[in-house]
Amino acid sequence: MWGRKASGEPREGAYSGLSRARISSLKVNSMGDGVGIAGKTWDINKNFRRLLYETDIERTLCHGAAAWGHNMKSRLQKNLDSIQRLSLLYITGAYRTIPTATLQVVTGLRPLHLQIQQEATYALVARARASSNFCTLIFSPTDYESKSSGIHIHPHNFFLHNQISFEENYRDSGAKTIYTDGSKMDECTGSAYCILENYGIISSWQGKLDHSNSVFRSEILAIKMAIEAASSLHRPIKIWTDSLSSLMAILNPKSHLSMVREIETLLLSHKHIHLRWLKVHVGYLGNECADQLAKEAITKGDPFFIPKPLSYLKSEIRSTALSIWQGN
């Protein structure tokens, strides 16, 4: 199946035709008596060998990590290192006298036991919603958002298209209107809305979020707070935002973000509130005011806590694993 070329590269289309069954039949064992990924009959480029390791061998070994990956004994760690060692040798083509730790550094592949502990920690916190310790750090599920699944509103009752518009039909008439915006700098994130009437701000809100939150989350929070403020007005009112992605997320009945789901519920229970999109930085007074308030909120806003995104949890665990690896 694999043609030998003068350059040592596999024949075009050969890798794409590699079946999963053939990949799974690769023999990798700690005794060193099996045929490796890059045996004499496998003229595979080293980048493909690495890809095979990361997508098949490593994923197979990490399967079910949440059930057995914590409190790993030193003997199991050594067995995992010996399994990984063979793959690293075949990926790099190095001499067998090279230490495993050196091979891991050269390839940039973390030790298997760290990779497994990393995935076990994430699964316990994000999916099982249980506290987990990794090295000296304790990760609590209450600090991170919970990922919802399924549809929380029946499609027959999901009529938000009547309350959300992407058409830029902005008319500055001086009527009471709400504008929202979010902003992010190196240290923190700001979220804000302002209510304008007769071309003046009559009310506003500013929230200061920590650096783990993205601009998207700050925009979503500003919309949510604006809807809560508008729910007591009991008359038709428009909320303007320059975040197209936020409006698209709110129109998704399968969104797994808890804040988005809360907004959907609020809108359906308050039919007089309408969300509208407008272009950013084209001179609209309300939009410019909201943008300025969001930037000021980064330093002057009231601290506002919302659970950190799961993507941030994953990056924190990865950073911890990297620190442990570098320390060893």
Apply the test side-chain contact (heavy atoms from CB on, under 4.5 Å) to residues Lys176 and Leu196: give CA-CA distance (whole Å), side-chain angles for both, the deciding distance (0.1 Å), then the verdict.
CA-CA 6 Å; Lys176 184 178 289 186; Leu196 266 68; over 6 Å; no

Who are the side chain to side chain contact (heavy atoms under 4.5 Å, CB included) partners of Ser243, not counting sequence neighbours?
Glu219, Thr241, Ser245, Ser246

Quick one: pull up SG in Cys135 and CG in Leu137 and give me the separation to the nearest 0.5 Å.
6.5 Å

Counting N and O atoms only, with roles assigned by atom type, does the side chain of Gln163 sit under 3.5 Å from a partner on the main chain of His272, one being a donor and the other an acceptor?
no

If hydrophobic clusters are built from ILVMFWY residues whose side chains come within less than 4.5 Å, do Leu233 and Leu275 share one?
yes

Can you sort out the partners of Ile317 under side chain to side chain contact (heavy atoms under 4.5 Å, CB included), two or more places apart, ordered by chain and number?
Gln118, Thr121, Tyr122, Phe134, Phe139, Leu313

Between the main-chain N or O of Asn252 and the side-chain N or O of Ser255, is there a donor-acceptor pair closer than 3.5 Å?
no

Excluding sequence neighbours, so at least two apart, what forms side chain to side chain contact (heavy atoms under 4.5 Å, CB included) with Asp210?
Ser212, Asn213, Lys308

Closest heavy-atom contact between Thr189 and Ser218?
CG2-CB, 3.5 Å

Across all chains, not counting sequence neighbours, the side chain to side chain contact (heavy atoms under 4.5 Å, CB included) partners of Asn157 are Ile153, His154

Measuring only between side-chain heavy atoms, which start at C-beta, is Gln206 closer than 4.5 Å to Asp302?
no

Under the ring pair (Phe, Tyr, Trp, His ring centres under 6.0 Å) test, which residues partner Phe304, sequence neighbours left out?
Trp205

What's in the same ILVMFWY side-chain cluster as Ile151, cut-off under 4.5 Å, chained through other members?
none

Give me each pair satisfying ring-ring contact (aromatic ring centres under 6.0 Å, His included) with a member in residues 309-328, each pair once, sequence neighbours excluded.
His211-Tyr312

In Å and rounded to the nearest 0.5 Å, what is the OG1 to CD distance from Thr107 to Glu54?
8.5 Å

Does a side-chain heavy-atom distance below 4.5 Å link Leu310 with Glu145?
yes

Inter- and intrachain pairs under salt bridge (charged side-chain N to carboxylate O under 4.0 Å, His left out), touching residues 110-123, at least two apart:
Arg59-Glu119

Hey, does Asp242 have a side-chain heavy atom less than 4.5 Å from the side chain of Lys279?
no

Could you pull out the closest heavy-atom pair between Ala222 and Tyr193, with the gap in Å?
O-CD2, 4.2 Å

From Ile116 CD1 over to Gln77 CD, what is the distance, rounded to the nearest 0.5 angstrom?
9.5 Å

Audit row: Trp240, Lys238, side-chain contact (heavy atoms from CB on, under 4.5 Å) steps and yes/no
CA-CA 6 Å; Trp240 294 88; Lys238 294 178 181 178; 3.8 Å; yes

Determine, using the 4.5 Å side-chain heavy-atom cutoff (strictly less than), whether Met185 and Leu209 are members of one ILVMFWY cluster.
no

Does anything in residues 289-299 form a salt bridge (charged side-chain N to carboxylate O under 4.0 Å, His left out)? List the pairs, not counting sequence neighbours.
Asp291-Lys295

Ile250 and Leu160 have their tightest heavy-atom pair at O-CD1, 3.6 Å

Give a yes or no on whether Leu109 and Ile324 share a hydrophobic cluster (residues Ile, Leu, Val, Met, Phe, Trp, Tyr; joining criterion: side-chain heavy atoms under 4.5 Å apart).
no

Under the side-chain contact (heavy atoms from CB on, under 4.5 Å) criterion, do Cys62 and Gln115 qualify, and how do the steps go?
CA-CA 8 Å; Cys62 290; Gln115 180 69 22; 3.9 Å; yes

Should Leu52 and Ile57 count as side-chain neighbours, where that means a heavy-atom distance under 4.5 Å?
no

Is any side-chain heavy atom of Pro141 closer than 4.5 Å to one of Ser131?
yes

Quick check for you: to the nearest 0.5 Å, what is the distance between Ile220 atom CD1 and Ile306 atom CD1?
10.0 Å

Step by step, work out the side-chain contact (heavy atoms from CB on, under 4.5 Å) result for Phe216 and Leu257.
CA-CA 12 Å; Phe216 171 77; Leu257 298 176; 3.5 Å; yes

Do Leu293 and Leu285 belong to the same hydrophobic cluster, where Ile, Leu, Val, Met, Phe, Trp and Tyr are linked whenever their side-chain heavy atoms lie under 4.5 Å apart, directly or via other members?
no

Ignoring hydrogens and angles, tell me if any N or O in the side chain of Ser183 forms a donor-acceptor pair with the backbone of Ala294 under 3.5 Å.
no

Assess whether atom CG of Leu322 is packed by more than 12 heavy atoms of other residues, nucleotides or ligands within 6.0 Å.
yes

Pairwise side-chain contact, Leu76 with His113, heavy-atom cut-off 4.5 Å (strictly under)
no

Test of understanding: clusters of I, L, V, M, F, W, Y form through side-chain heavy atoms closer than 4.5 Å, transitively. Do Leu221 and Ile164 belong to the same one?
yes

Would you mind checking if Arg50 and Glu58 are paired as a salt bridge, meaning a charged N to carboxylate O distance below 4.0 Å?
no

Who are the ring pair (Phe, Tyr, Trp, His ring centres under 6.0 Å) partners of His70, not counting sequence neighbours?
none

Could you check whether atom CZ of Arg235 has more than 12 heavy atoms from other residues, nucleotides or ligands sitting under 6.0 Å from it?
yes

Measure the shortest side-chain to side-chain distance between Arg217 and Pro309 over non-hydrogen atoms and say whether it is less than 4.5 angstrom.
yes

Gap separating the CD atom of Glu228 from the CD1 atom of Ile263, nearest 0.5 angstrom
9.0 Å

Closest non-hydrogen contact found for Thr180 with Ala226 is CG2-CB, 3.7 Å

Would you say the side chains of Gln104 and Gln84 form a donor-acceptor pair under 3.5 Å?
yes

Suppose the criterion is salt bridge (charged side-chain N to carboxylate O under 4.0 Å, His left out): which pairs have a residue in residues 250-269, not counting sequence neighbours?
Lys224-Glu262

Any donor and acceptor pair, going by atom type alone, linking the side chain of Arg129 with main-chain N or O of Leu124 inside 3.5 Å?
no

Where Gly207 and Ala297 come nearest, the two heavy atoms and their spacing:
O-CB, 3.6 Å

Side chain Ser319, main chain Ser315, donor-acceptor under 3.5 Å
yes

More than 12 heavy atoms of other residues, nucleotides or ligands under 6.0 Å from OH of Tyr95: is that the case?
no

Applied to residues 133-144, the side chain to side chain donor-acceptor pair (under 3.5 Å) test, sequence neighbours excluded, yields Ser140-Thr142, Tyr144-Glu316

So do the side chains of Arg276 and Phe166 get within less than 4.5 Å of each other, counting heavy atoms only?
no

Heavy atoms only: give me the nearest Leu80-Leu112 pair and the separation to one decimal.
O-CD1, 3.6 Å

Can you tell me how far apart NE2 (His270) and OG1 (Thr265) are? Round to the nearest 0.5 Å.
11.0 Å

